[in-house]
Amino acid sequence: MSDTAQPQVTHRHWILVAAMLAMFMAAIEVTIVATAMPTIIAELGGFSQFGWVFSIYLLTQAVSVPVYGRLGDLWGRKRVFFIGTSLFLLGSVLCGFATNMAWLILFRAFQGLGAGAIMPLTSTIIADVYPPKERASIQGWLSSVWGIAAITGPLTGAWIVQHLNWALIFWVNVPIGIVSMLMLARWFPESHNEKGQKLNLAGSAWLMLTVSALLTALLQAESLGYWAVALIAGALVAGMALLRHEREADEPLFPMAIWRSRTLVAGNAGNLAIGAAMMGISAFLPTLIQGVNGGTPLQAGSALAMMSIGWPLASTLSGRLMQKTSYRFTAQTGSVLLILGTSLLLTLHSSSSVLHAAISAFVIGTGMGMTSTTFLIAVQNTAEFSIRGICTASIMFSRMLGSALGTAVMGAVLNYNLMVRLPGHNDPVQQIMSQPQREGLGQGVLHSMVNEVAYSLHWVFVVSVGIAVASLLIARWVPATKPH
């Protein structure tokens with residue numbers, strides 16, 4: 001597909017609304033389901049399988065993101081978006097009819113397969129219809145959807161499970177998705193592949209095998225035990241086969257232009273770091289607030305929500321900053337904010353206020369919003385139209401992979417410190433986070449456990465700072481030019 005295949009549009013704002021609706025549908029899915037899960041478990045049972053409800057969704061989403069991105073380049077954005085969104089809506093409907101946890105996990109897999117198309121293709125569609133100078137500010141609008149979803153998702157989920165049937169938390173996706181597809185069908189002109197390229201099926205299969213094995217090992221390491229090591233070994237073997245196949249393929253899944261461009265490599269490496277750093281706060285800040293500080297889930301959620309508020313604000317600001325300075329300066333500014341925010345986490349202790357944690361989360365959110373938007377816009381403005389879909393998808397795939405890696409590495413750091421500092425205690429984090437167990441501990445024992453858990457979390461945050469520093473180094477790779 002040549003650059004002349006870029007569609008000419010006259011109703012860009014309606015296309016933006018459609019993209020925001022689709023993005024909101026995918027964003028709210030994460031928060032609304034998490035809120036409703038206690039009610040769902042109470043009705044369906046299967047608490048031991050609880051983690052798989054989220055893991056299978058993330059897994060199928062991650063493995064399908066690059067494939068959808070490439071298909072969007074080959075078959076056209078609109079057609080592939082419709083396929084993915086239809087799968088997502090089908091999975092949503094089926095989730096509402098699940099009669100036990102096993103069926104719910106299977107239907108969540110369908111949801112994830114569809115969700116893999118929504119994120120990269122909505123962003124690519126916006127890049128198709130807006131010129132380079134406007135893309136950064138428009139991406140700020142898309143990012144704002146995540147902030148709205150972070151606030152409305154838990155509230156909506158709580159209201160639905162309290163007053164209505166829990167199945168509605170999945171079914172609310174259907175009208176939103178249908179409206180988004182109808183709007184794109186009406187106003188977004190389809191583009192076609194002029195070169196007649198085909199999807200690299202063998203490369204896609206090796207990629208899915210590699211990512212499935214790796215993410216399953218990372219997301220379910222505790223429950224898998226030594227099987228996680230076997231899965232990681234399998235992922236390495238499959239990854240090597242993927243690399244060999246990509247070098248020899250006439251039409252590789254990841255075009256060689258991605259790896260030859262310094263900007264595209266920086267964008268992927270930067271998002272890998274951002275995804276990993278993000279888990280330092282998303283996964284472990286609530287543990288500190290509830291376990292170490294004795295706060296409530298509401299306080300933990302409120303502090304964490306500040307990250308989702310800072311992200312879109314900084315994303316919007318980054319568009320203006322890029323226009324006045326350069327990609328590199330904006331990315332470096334965001335990285336400095338990320339380093340500052342993660343460093344603030346190091347100052348948290350057992351008597352820190354929730355406001356202290358919220359400020360740290362907000363600063364981290366601003367850093368992530370600025371860096372992620374800058375990396376994405378730099379990549380989209382560098383990539384030719386014919387590979388923009390896979391380039392955008394690779395950025396989002398890198399962030400997902402970074403999140404899984406970050407969770408695994410920081411979880412290992414936490415567990416190692418707890419094993420060394422509290423060798424005689426079984427799952428000390430659970431003991432101090434569960435209110436009944438916490439109350440059953442003596443004051444001396446509780447004080448000692450809280451201090452040791454706080455110290456262990458401190459080292460987790462040290463790792464977050466290190467990853468943030470890495471993002472600053474990566475930011476030097478992006479060009480010192482303005483969008484044009």
Side chain to side chain contact (heavy atoms under 4.5 Å, CB included) evaluation trace for M368 with R399: CA-CA 11 Å; M368 289 181 175; R399 192 186 306 165; over 6 Å; no
V67/M208 under side chain to side chain contact (heavy atoms under 4.5 Å, CB included): CA gap, chis, key distance, verdict: CA-CA 9 Å; V67 177; M208 288 185 174; 3.7 Å; yes
Stepwise side chain to side chain contact (heavy atoms under 4.5 Å, CB included) check, L87 with F110: CA-CA 6 Å; L87 264 179; F110 272 95; 4.0 Å; yes
Residue pair I467, V409: steps toward the side chain to side chain contact (heavy atoms under 4.5 Å, CB included) verdict: CA-CA 11 Å; I467 296 171; V409 170; over 6 Å; no
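In terms of heavy atoms, M183 sits closest to A18 at CB-CB, 3.7 Å. Taking both residues in full, the closest heavy atoms of I118 and A26 are given as CG2-CB, 4.0 Å, listed atom of the first, atom of the second, then distance. Of all the heavy atoms in L338 and A468, the pair that sits closest is CG-CB, 3.8 Å. Closest approach of R388 and A127 over heavy atoms only: NH1-O, 3.5 Å. Between Y68 and L121, the closest heavy-atom pair is O-CD2, 4.1 Å. Closest non-hydrogen pair, N268 versus S394, comes out as OD1-O, 2.9 Å.
A donor-acceptor distance shorter than 3.5 angstrom exists from the side chain of N173 to the backbone of F170, with no hydrogens or angles considered. Between the side chain of S64 and the backbone N or O of Q61 there is at least one donor-acceptor pair closer than 3.5 Å. A donor-acceptor pair under 3.5 Å is absent between the side-chain atoms of S318 and the main chain of T374, judged by distance alone. At distances below 3.5 Å, not a single donor-acceptor pair connects side-chain atoms of S315 with backbone N or O atoms of P312. Judged by distance alone, the side chain of T366 and the main-chain N or O of V363 form a donor-acceptor pair under 3.5 Å.
If you take CE on M119 and CD1 on I395, they are separated by 12.5 Å, rounding to the nearest 0.5 Å. Distance check, rounded to the nearest 0.5 Å: CD1 of I15 to CG of D128 gives 9.5 Å. We find the CG-CD1 distance between L21 and I178 to be 12.5 Å, quoted to the nearest 0.5 Å. Here the straight-line distance linking atom CD1 of I83 with atom CH2 of W75 works out to 5.5 Å at 0.5 Å rounding. For the atom pair L317 CG and M322 CE, the distance stands at 9.5 Å (nearest 0.5 Å). Note that CD1 of I126 and CD1 of I138 are 7.0 Å apart. Values are rounded to the nearest 0.5 Å.
Residues forming a ring-ring contact (aromatic ring centres under 6.0 Å, His included) with F107 (at least two apart in sequence, or on another chain): W103.
You'll find the side chain of V354 stays beyond 4.5 Å of the side chain of S302, heavy atoms only. Looking at V453 and L288, their side chains never come closer than 4.5 Å, going by heavy atoms from C-beta outward. At least one side-chain heavy atom of L401 sits under 4.5 Å from a side-chain heavy atom of L214. At least one side-chain heavy atom of M181 sits under 4.5 Å from a side-chain heavy atom of L89. Taking 4.5 Å as the limit, every side-chain heavy atom of D73 sits out of range of all side-chain heavy atoms of S386. With contacts defined as side-chain heavy-atom distances shorter than 4.5 Å, the pair L142/M20 qualifies. Contact of the I387 side chain with the R70 side chain is registered, since non-hydrogen atoms from C-beta on lie closer than 4.5 Å. Q380 is not listed as a side-chain neighbour of C391, based on a closest heavy-atom distance of 4.5 Å or more.
Screening residues 177-186 for side chain to side chain donor-acceptor pair (under 3.5 Å), with sequence neighbours left out, gives no hits.
Within a 6.0 Å sphere centred on NE2 of H13, heavy atoms belonging to other residues, nucleotides or ligands number 12 at most.
Relative orientation of the H349 and H356 rings is perpendicular, given thresholds of 30° and 60° on the angle between their planes.
Exactly one of L457, V292, L285, N293 qualifies for a side chain to side chain contact (heavy atoms under 4.5 Å, CB included) with L348. That residue is L285.
For the pair R108 and Y57, the cation sits on the ring face: its NZ or CZ lies under 6.0 Å from the ring centre, inside 45° of the axis.
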